[in-house]
2 protein chains.
Amino acid sequence: MLATAREVLAERGFAGFSVDEVARRAGAGKPTIYRWWPSRADLLLEVYLTERSARVSEPETGSLSGDLAALARATLAAWRGTPAGAALRGLIAEAQRGDAALLALWGRFLPAWLQPVRSVLGDAVRRGEVDPADIELVVELYSGFLWRRLLTGQTDDDRTAIDRMARLIASGRGRKEPRAPA
Amino acid sequence: MLATAREVLAERGFAGFSVDEVARRAGAGKPTIYRWWPSRADLLLEVYLTERSARVSEPETGSLSGDLAALARATLAAWRGTPAGAALRGLIAEAQRGDAALLALWGRFLPAWLQPVRSVLGDAVRRGEVDPADIELVVELYSGFLWRRLLTGQTDDDRTAIDRMARLIASGRGRKEPRAPA
DNA sequence: AGATAACGAAACGATCCGTTTCGGTCGGTG
DNA sequence: CACCGACCGAAACGGATCGTTTCGTTATCT
């Protein structure tokens, strides 16, 4: 079932992803699909989560900028090479309808999605590389960078741009008084 | 006509924005709407452009971080207080369908949208505040920050976050070798 | 005044979501 | 071995929306 959804997303992208299409290909009835997933968005979400958790693992390069770059590259690779990218594009697009159920789903999904970045940032804080007060800023800039690339279809592995992004974000100059180097 | 579209967007957001609804309220026929705008997205786009060009003007604070912060706050204010925010949310959502015409529209719109940031960055380059090679990075981080906020509904005037974002982005530490101050 | 173009209203074809209905197939039971 | 009930695929339905077509009316221009 999920396999069929993945297949449709991979072949025709979010544009060609409809519940009817998935049901047809799976040789299943729509009621059966709606038995397990309350809405199309839930189906997209599950496709994304399974796909992504299987692919992206926590990097350990020793520096925040290295970790951020590795994480970003792995995420983009997963978006590029699996239906995860199409699924997330669909989720973001659908969330703009403002449906209450969608927003609830979103509220549960966003923190889960941000978990790897927060983990990497936690390490950096422990190393004294980042002021805890800067965490939210870094999370926002990092996710904004990746989402914008996803939504505009730029999921290619642009190493130099990603490295620059990671270095700038990790440089931590957002505070009024930069900390003296340890 | 545009006034009615603005009104619908303002009252019911992108969720309640349909061509039929606009036609009904305007006392006009749908064919008349489609005579001027080839698709719903074009209508959204024009609402956005008129709304935004009337509101956001180029800041001149003398520093890149100041300009970026002012620009970001003005943009968020326009999104918050006018139908422009709802219109852009709709445009971004609709673009995810991958329709060819949509992508063409997007290709013309994105550069126009980025023009104010690029202008501010041009000033900073002339002042020697920014390496021209960093322009794309700053543009990406700035737009990613704002879009992410728009798409998640966080259009409030979060001064401290915006200032931090502007300072970090403007600090220009993304290069391998930071330029020596002039 | 008469012809022509534009326009509002309504209906249409197509697509899609999410729900309901129907008929057949499989399990377990007396 | 015969029967009953739950599940499921298929199909149809109701509702919404986009973009198009048709039609009668109105307003404009000659």
Side-chain angles (χ1 to χ4, degrees), chain A residues 1-48 83 86-106, chain B residues 1-9 11-48 83 86-106 109:
Chain A
M1 184 79 266
L2 279 174
T4 307
R6 276 199 295 269
E7 183 186 312
V8 173
L9 275 173
E11 279 184 29
R12 328 225 325 215
F14 171 59
F17 182 80
S18 74
V19 178
D20 299 74
E21 178 66 18
V22 175
R24 212 166 325 163
R25 288 213 203 185
K30 280 201 293 179
T32 309
I33 295 182
Y34 282 98
R35 181 176 304 275
W36 269 283
W37 297 277
S39 81
R40 180 173 69 143
D42 294 80
L43 182 52
L44 282 172
L45 177 57
E46 185 146 348
V47 169
Y48 184 84
L88 185 51
R89 288 179 80 152
L91 272 175
I92 295 178
E94 206 129 330
Q96 303 313 311
R97 285 190 335 173
D99 187 0
L102 256 305
L103 293 186
L105 198 69
W106 202 240
Chain B
M1 184 78 266
L2 279 174
T4 307
R6 276 199 295 268
E7 182 186 312
V8 173
L9 274 173
E11 279 183 29
R12 329 225 324 215
F14 171 60
F17 182 80
S18 75
V19 178
D20 299 74
E21 178 66 18
V22 175
R24 210 167 334 180
R25 287 214 204 184
K30 281 202 292 179
T32 309
I33 295 182
Y34 281 99
R35 181 177 303 274
W36 269 283
W37 296 276
S39 82
R40 181 172 67 142
D42 294 80
L43 182 52
L44 282 172
L45 176 58
E46 185 147 348
V47 168
Y48 185 84
L88 185 53
R89 288 179 80 150
L91 272 174
I92 295 178
E94 205 128 331
Q96 302 313 312
R97 286 190 334 173
D99 187 1
L102 256 306
L103 293 187
L105 198 69
W106 201 240
F109 168 67

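Bear in mind that the values here come from a model prediction, so they are computed numbers and not experimental data.
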Protein-nucleotide distance ([X], atom [atom1]; [N], atom [atom2]), rounded to Å:
| X | N | atom1 | atom2 | result |
| --- | --- | --- | --- | --- |
| Leu43(B) | dT17(D) | CG | C1' | 15 Å |
| Arg97(A) | dA16(D) | CZ | C1' | 11 Å |
| Arg40(B) | dG19(D) | CZ | C1' | 11 Å |
| Asp20(B) | dG19(D) | CG | C1' | 10 Å |
| Glu21(A) | dC16(C) | CD | P | 8 Å |

[Y] side chain reached by [X] side chain, heavy atoms, under 4.5 Å:
| X | Y | answer |
| --- | --- | --- |
| Leu9(B) | Leu44(B) | yes |
| Asp42(A) | Trp36(A) | no |
| Trp37(A) | Val19(A) | no |
| Ile33(A) | Arg40(A) | no |
| Leu102(B) | Gln96(B) | no |

Protein heavy-atom contacts under 4.0 Å, written 5' to 3' over nucleotides 7-14 of chain D as B (base), S (sugar-phosphate only) or - (none), form the string -SSBBB--
Which pairs pass side chain to side chain donor-acceptor pair (under 3.5 Å) with one or both residues in residues 9-19 of chain A, sequence neighbours excluded?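 Side chain to side chain donor-acceptor pair (under 3.5 Å) check on residues 9-19 of chain A returns Glu11(A)-Arg25(A).
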Just compare dC17(C), dG18(C), dT20(D) and give me whichever is closest to any side-chain atom of Tyr34(B). dT20(D)
